[in-house]
Amino acid sequence: DFLPFVTAGYKITGAPVGLALRDVISASAGVQYAWSERVATGLAYDFRQSALRTAADPQEGSAYLSVRLTERISINLYGVVGLSRNSPDAGGGLVFTWRPDLKPVPRPPG
């Protein structure tokens, strides 16, 4: 029922005129616990290099509750807290997901 997870990324920022940006790495680590087939909660830590060398690297912690209402509809409630000067103090949101029924359409014989 426990699902640990780790992600890593690399973002190529490009070279806009007048800005000295660098490509950045990012990483996340966390754990999710499934209470049932429909309800899960989780905690995560996110790190990202700042694209500006002089700015602090964003670091955030988050918690979420995910509820699958039907096979095609789910909601996710989450909260975020900043852990560095270049992160939001706090935040949160609600994500509503609808998955369309993508069954193949049968072809007529012939």
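Numbers here are sequence positions counted from 1. The structure presented is a predicted model; accordingly, all values stated were derived computationally and were not measured.
Minimum interatomic distance between Q32 and F5 (heavy atoms only, all atoms of both residues): N-CE2, 4.2 Å. Here the closest heavy-atom approach between residue P58 and residue S50 is recorded as CD-N, 4.0 Å. The two residues A20 and L52 come nearest to each other via the heavy atoms O-CD2, 4.0 Å.
S87 places a side-chain N or O within donor-acceptor distance of the main-chain N or O of Q59, the cut-off being under 3.5 Å. A donor-acceptor pair under 3.5 Å links the side-chain atoms of Q49 to the main chain of I25, judged by distance alone.
One finds the CG atom of L65 at 10.0 Å from the CG atom of L94 (value rounded to the nearest 0.5 Å). Distance check: E60 CD to F47 CZ gives 11.5 Å after rounding to the nearest 0.5 Å.
In the hydrophobic clustering of ILVMFWY residues, with side-chain heavy atoms under 4.5 Å counting as a link, V67 and I73 come out together. One hydrophobic cluster, built from ILVMFWY side chains closer than 4.5 Å, holds both Y45 and V81.
The side-chain hydrogen bond (donor to acceptor under 3.5 Å, both in side chains) test applied to R107 returns no partner, not counting sequence neighbours. In terms of the side chain to side chain contact (heavy atoms under 4.5 Å, CB included) criterion, residue partners of A51 (sequence neighbours excluded) are, by chain and number, T13, L21, V24. Every side chain to side chain contact (heavy atoms under 4.5 Å, CB included) that S26 has, sequence neighbours left out, goes to R48. With sequence neighbours excluded, the residues satisfying ring-ring contact (aromatic ring centres under 6.0 Å, His included) with F2 are Y33.
Within the 4.5 Å cutoff, the side chain of L77 has no heavy atoms near those of the I75 side chain.
Sorted by first then second residue, the side chain to side chain donor-acceptor pair (under 3.5 Å) pairs that include residues 72-83, not counting sequence neighbours, are S74-R99.
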| message | side-chain contact (heavy atoms from CB on, under 4.5 Å), that's the test. Do D57 and S84 meet it? Break it down for me. | response | CA-CA 7 Å; D57 296 330; S84 74; 5.9 Å; no
Hey, can you pull the donor-acceptor pairs under 3.5 Å for the side chains in residues 35-43, sequence neighbours left out?
from, atom 1, to, atom 2, distance (Å)
W35, NE1, T41, OG1, 2.9
S36, OG, R38, N, 3.2
S36, OG, V39, N, 3.2
R38, NH1, R68, O, 3.3
R38, NH1, L69, O, 3.3

